[in-house]
Amino acid sequence: MCPTRRWESGVPELPEVETMRRGIASAVGMRIDQAVLPQGRLRPLSTTPSPGLLAKQLRGCVIEGTERYGKRIALRLSMSAGDRQKEDRWLVIEPRMTGLLLVSVPPTQEHVRLRLSGPTPAITSHELLFWDRRGLGTLRLVNAKGLEEICGEARLGPDALMISCECFRERLCGSARAVKVALLDQHAVAGIGNLYAAEMLFLAGIDPRVRCQQISRPRWKRLHEVMQAVLHEAIELEGSTLSDATYRTALNEPGRYQARHRVYARNGQPCQQCGTVVRRIVQAQRSTFFCPKCQRR
DNA sequence: CGTTCAACCTGGGCGC
DNA sequence: TGCGCCCAGGTTGAAC
C-alpha cells in the first residue's frame with residue numbers, strides 16, 4: 001500500500017458535532033424569521049415532505065436550546081406566541097459526511113467581509129447555515145415522540161461521553177465482533193466514528209482485531225478511560241480537520257486535534273511511541289490504522 | 001447473531 | 001493535459 005496515499009476525511013464525529021453545538025450557542029433565544037432550504041438536496045426528509053414545507057414550518061419558531069445525541073444535533077424549537085397550543089418540536093440535524101453548521105460572525109475591526117457566491121457559503125449577519133457539500137446530511141423536524149424514535153435509547157446507545165465504565169463494558173463485552181467494528185456501532189455506544197476509534201484503541205494498547213469477548217475487565221476500564229479522555233481533548237481542540245474541504249467549526253475555522261493523531265491516516269509512517277510502521281487494514285469496509293507493536297491482542 | 005454489500009454523494013488522487 | 005476510475009465514511013436496509 002502506497003504510504004503517501006492520503007486517507008484524509010475528517011468527518012463529524014462526537015467531538016466535531018459537540019463543537020458545532022457549542023458554536024451555535026449564539027443562536028439560542030433567537031427567532032427564525034425565514035428559512036431558506038435548497039430544493040432537491042437534504043434527501044431523506046421522511047417526516048417533512050418537502051424542503052418548502054419544512055421552511056414554512058420553521059418560520060416563526062424560537063430556538064430554545066441545543067442538544068446532542070451521538071453525532072446528531074437537535075435544536076429545541078418552540079412555536080411563536082400565536083401558536084402556543086402547539087407542542088415543542090426538535091430540528092434534528094445529522095451532518096453525516098460533510099454537513100456543516102455555521103453561524104454568522106459579527107463584524108469587528110479585524111474582519112474584512114467580502115460577500116461572495118460560489119462553492120463556499122456566503123455568510124451574512126444573524127444567520128445559521130447548514131451547508132453540506134455532498135448532500136448526504138439530513139434535517140428532520142419532529143415532535144417529542146419522533147425525537148425519542150430517532151435519538152432515543154432504542155435507536156442510539158448511551159452517549160460515549162456520558163456512559164459509565166460498567167455500562168460501556170456490559171454493552172460491548174458479549175459481542176463476538178472485532179472491538180474496532182463494535183465501537184462504531186451507534187446502537188451500542190453513540191458518537192464514535194472511524195477516526196476516534198483508531199485513536200482510542202491505540203492509546204488503550206488494544207489490537208483493533210480483538211473480539212470484544214476476549215477483552216479483560218481491566219482493559220475495558222482502560223479503554224473507557226482513554227475513550228473519554230480522547231473525546232474531551234478533541235472537543236477542547238475543536239475537532240479534527242484533515243483537509244480544507246471537510247469539517248470546520250461554526251466560525252468556519254479548522255479544528256486542531258489532527259496534530260494529536262497517533263495512527264489515523266499515518267500508515268507507512270513510524271509509530272511515534274515505538275518506531276514500528278503504522279499499518280492500515282480494512283474492517284467492515286472501513287480503513288483501520290494501528291501500530292502492530294503497541295497494540296496487543 | 002453477525003457479516004457483507006449496495007446506495008446515497010462529491011472532489012481529490014492516481015493510472016493510463 | 002485529461003478522461004475516468006477509485007476511494008474516503010455515517011447511516012440504512014437487504015441479503016445471506
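Note that these values count all heavy atoms, side chains included, but never hydrogens, waters or copies made by symmetry. Numbers restart at 1 for each chain; the letters A, B, ... are given by sequence-line order, proteins then strands.
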request  = Identify, with sequence neighbours excluded, every residue that meets salt bridge (charged side-chain N to carboxylate O under 4.0 Å, His left out) alongside A/R22.
outcome  = A/E18

Could you tabulate the donor-acceptor pairs under 3.5 Å formed by side-chain atoms of residues 192-206 of chain A, not counting sequence neighbours?
from, atom 1, to, atom 2, distance (Å)
A/N194, OD1, A/K180, NZ, 2.8
A/N194, ND2, A/S287, O, 2.9
A/Y196, OH, A/E16, OE2, 2.7
A/Y196, OH, A/S240, OG, 2.9
A/E199, OE1, A/R262, N, 2.7
A/E199, OE2, A/R262, N, 3.3
A/E199, OE2, A/V263, N, 3.1
A/E199, OE2, A/Y264, N, 2.8

inquiry  = Nearest whole Å is fine: how far is C/dG10 P from A/I73 CD1?
reply    = 16 Å

A/Q258 side-chain N/O to A/G255 backbone N/O, donor-acceptor pair under 3.5 Å = yes

Interatomic distance where CG belongs to A/L183 and P belongs to C/dT11 [whole Å] = 14 Å

Protein-nucleotide distance (A/D132, atom CG; B/dT10, atom P), rounded to Å = 10 Å

Interatomic distance where CD belongs to A/E149 and P belongs to C/dT11 [whole Å] = 18 Å

message = Could you tell me how far apart A/Q283 (CD) and B/dC5 (P) are, to the nearest whole angstrom?
response = 15 Å

inquiry  = Please report the distance, rounded to the nearest Å, between OH in A/Y247 and C1' in C/dG10.
reply    = 16 Å

Considering only nitrogen or oxygen atoms on both sides, find all protein atoms under 3.5 Å from nucleotides 12-16 of chain C and state each distance.
from, atom 1, to, atom 2, distance (Å)
C/dT12, OP1, A/R72, NH2, 3.4

task = Using whole Å, report how far CG of A/L184 lies from P of C/dG10.
result = 7 Å

Give me, pair by pair, the N or O atoms of the protein and of nucleotides 1-3 of chain B that are less than 3.5 Å apart, along with how far apart they are.
from, atom 1, to, atom 2, distance (Å)
B/dT3, OP2, A/R177, NE, 3.4

request  = Please name all residues satisfying side-chain contact (heavy atoms from CB on, under 4.5 Å) with A/T66, sequence neighbours left out, ordered by chain then number.
outcome  = A/R21, A/I24, A/V28, A/L75

key: Residue list, side-chain contact (heavy atoms from CB on, under 4.5 Å) with A/P254, at least two apart or on another chain   = A/T241, A/R248

message = Between the opening five pairs and the closing five pairs of the helix from B/dG2-C/dC16 to B/dC16-C/dG2, how far apart are the helix axes, to 10°?
response = 60°

message = Starting from A/F290 and following side-chain heavy-atom contacts under 4.5 Å between hydrophobic residues (I, L, V, M, F, W, Y), which residues can be reached?
response = A/I281

ask   = Expressed in angstrom and rounded to an integer, what is the separation of A/L136 atom CG from C/dA8 atom P?
value = 15 Å

Which pairs would a plain distance check flag for residues 145-152 of chain A, meaning a side-chain donor or acceptor within less than 3.5 Å of a matching protein atom at least two apart in sequence or in another chain?
from, atom 1, to, atom 2, distance (Å)
A/K145, NZ, A/E149, OE2, 3.4

ask   = Are A/T138 and C/dT11 close enough that a side-chain N or O sits under 4.0 Å from OP1 or OP2?
value = no

message = Test of understanding: with salt bridge (charged side-chain N to carboxylate O under 4.0 Å, His left out), list the residues that count as partners of A/E233, not counting sequence neighbours.
response = A/R260

task = Could you list the residues that satisfy side-chain contact (heavy atoms from CB on, under 4.5 Å) with A/A176, not counting sequence neighbours?
result = A/R211, A/Q213

note = Between A/W220 and A/L172, the two heavy atoms sitting closest are CH2-CB, 3.5 Å

query = Starting at the 5' end of DNA chain C and moving along, which residue's nearest nucleotide shows up first, A/R286 or A/V282?
reply = A/V282

Set of residues satisfying side-chain contact (heavy atoms from CB on, under 4.5 Å) with respect to A/R217, sequence neighbours excluded = A/E166, A/R169

